[in-house]
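Atoms considered below: every heavy atom in the structure, side chains included; atoms not considered: hydrogens, waters and symmetry mates. Numbers restart at 1 for each chain; the letters A, B, ... are given by sequence-line order, proteins then strands.
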2 protein chains.
Amino acid sequence: MKAQPSAESARAHAGGTADRPADLALRSLVHAFGLIERVMQPYFARFGVTGSQWGVLRTLQRSEAAGEAGLRLTDLSNRLLVRPPSVTGVIDRLERLGLVARDTVPGDLRAKSVTLTRKGRELVTRVLAAHGPQVEGILAGLNPGEQADLHRLLGKLTSHLEGLVAERETE
Amino acid sequence: MKAQPSAESARAHAGGTADRPADLALRSLVHAFGLIERVMQPYFARFGVTGSQWGVLRTLQRSEAAGEAGLRLTDLSNRLLVRPPSVTGVIDRLERLGLVARDTVPGDLRAKSVTLTRKGRELVTRVLAAHGPQVEGILAGLNPGEQADLHRLLGKLTSHLEGLVAERETE
DNA sequence: CGTATATTATTAGGATGCTAAGCAAACCCC
DNA sequence: GGGGTTTGCTTAGCATCCTAATAATATACG
């Protein structure tokens, strides 16, 4: 193969974009996430909840399974990477749906503890029954080894990003 | 090592979650994306635009660099993985900011062609000047080889997901 | 003790995303 | 050529996310 201007370098020259590994990786991550949302949104809608609501329900269920007695809005905010005002709204709607409850926290009059109701627990069980195959279907483009590789790379990336976010929030 | 209940299987038993490679990969992808948004949002805000607006501007700029004369809203919708009504809103605001213009399309009275204004083109240039280091900073947790691996895995996943989305939309 | 600071949750206002529904123009096909 | 279908964009209504500002409680410290 003779040295010819590659498609990338031609595009970089014309458009000013770099298309280095970092750009390609970031773009593919954003694109993959967009496609996953496209698939997951109608899936959750079948159960009458949104993806964000499911995030809260799943987090509460995990916390419950770990023996904790409810999570404060701040805890949910931290675990879900979502700001407190957004959590307030999601919890409002979940409460209106009768899936969670806001309880007072004994030692702290400011805080509120969110817990699953019986109805919420039932919904989580129902979703989880269908969840395995759904997730497998989404990741079916990769074999288990590749899925593990992806997990490893993203874990490493996540650690780095948490560092970035932490220093951004302290300064 | 003796056969002991692993942390995963214990958690799976308690919480009903699987924690198979597919689950781990999906969760890490969602988490990484959330962290990236946390970092990118304030970055774009410095230039007076949002991430979605930047997506449109960058797409228009690429299209322009490829010699195309404007993109219809439908084209933007397809490239950005966003439904047409959402594109309408983003373009409304970009137009109000004077960064893009809606022109009529010669052969089709329904369609509208979106193009960058001079001001929009200047903003893209200004953002691109800072963009390389910003993206490198985000991906700095991975070396170039790992970045390429990530891109390859996500590309494969994307192909699979596009198939899923396509069959979902034809049925 | 009592004030200053920090934490917890909420409200207000703006931007994005979706689905469903509507309108106008273009297309298809008999 | 005309009726039915498809396409392109928009509007309406809801859920999510954000930042900034408020209110109330806890904590720290002089």
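Contacts of B/T74 with the nucleic acid, taken as non-hydrogen atoms under 4.0 Å apart, involve only primed sugar atoms and P, OP1 or OP2. Residue-level contact check: A/Q41 touches the backbone only, with heavy atoms under 4.0 Å from sugar-phosphate atoms and none from bases. A/L80 comes within contact range of no nucleotide atom at all, as no heavy-atom separation falls under 4.0 Å. Within the 4.0 angstrom heavy-atom criterion, no nucleotide atom of any strand lies near B/I91. Across all strands shown, B/T88 has heavy atoms under 4.0 Å from base atoms, whether or not it also approaches the sugar-phosphate.
Running 5' to 3' along DNA chain D, contacts with non-hydrogen atoms of chain A at under 4.0 Å begin and end at D/dA15 to D/dA26.
Scanning all heavy atoms of the two residues, the minimum distance from A/F47 to A/A130 falls at CZ-CB, 4.1 Å. Here the closest heavy-atom approach between residue B/Q147 and residue B/L139 is recorded as NE2-O, 3.0 Å. The minimum heavy-atom distance between A/I138 and B/L164, with the atom names listed, is CA-CD1, 4.2 Å. Considering all non-hydrogen atoms of both residues, A/L142 and B/K156 come closest at CD2-CB, 3.7 Å. Nearest approach of B/R72 to B/A111, heavy atoms of both residues: CD-CB, 3.8 Å.
For the atom pair CD of A/E68 and OG1 of A/T115, the computed distance is 13.0 Å after rounding to the nearest 0.5 Å. The CG atom of A/L24 lies 10.5 Å from the CG atom of B/L150; values are rounded to the nearest 0.5 Å. To the nearest 0.5 angstrom, B/S159 atom OG is 11.0 Å from B/L154 atom CG.
Put simply, CG on B/D92 is 16 Å from P on C/dG14, counting in whole angstrom units. Counting to the nearest Å, the C1' atom of C/dT8 and the CG atom of A/L71 are 15 Å from each other. As rounded to whole Å, 10 Å separates atom C1' of C/dT16 from atom CD of B/Q53. Between the CZ atom of B/R72 and the P atom of C/dA25 there is a distance of 17 Å, given to the nearest Å. The nearest whole Å value for the distance from the CD atom in A/E37 to the P atom in C/dT16 is 15 Å. The interatomic distance linking A/L76 (CG) with C/dT8 (P) rounds to 13 Å, in whole Å.
Between B/V82 and B/V90 there is no side-chain heavy-atom pair separated by less than 4.5 Å.
With the nearest nucleotide of DNA chain C identified for both A/V87 and A/P42, A/V87 has the one nearer the 5' end. The residue among B/R96 and B/R83 whose nearest nucleotide of DNA chain C lies closer to the 5′ end is B/R96.
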Working for side chain to side chain contact (heavy atoms under 4.5 Å, CB included), residues B/H151 and B/E146: CA-CA 8 Å; B/H151 175 236; B/E146 291 171 326; over 6 Å; no

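Within the 4.0 Å cut-off from OP1 or OP2 of C/dA15, not a single side-chain nitrogen or oxygen of B/S52 is found. Between B/T50 and C/dT16, a side-chain N or O to OP1/OP2 separation shorter than 4.0 Å is present.
Taking the screw axis at each terminus of the helix from C/dC1-D/dG30 to C/dC30-D/dG1 from five consecutive base pairs, the angle between the two is 20° to within rounding of 10 degrees.
Looking at residues 107-123 of chain A, you'll see A/G107, A/D108, A/L109, A/R110 sit with a heavy atom under 4.0 Å from some atom of DNA chain D.
Closest contact between the side chain of A/P84 and the listed nucleotides C/dT8, C/dC18, C/dT10 involves C/dT10.
Between A/R118 and A/E122, at least one side-chain nitrogen of the basic residue sits less than 4.0 Å from a carboxylate oxygen of the acidic one, meeting the salt-bridge criterion.
The aromatic rings of A/W54 and A/H131 are tilted relative to each other, their planes meeting at an angle between 30° and 60°.
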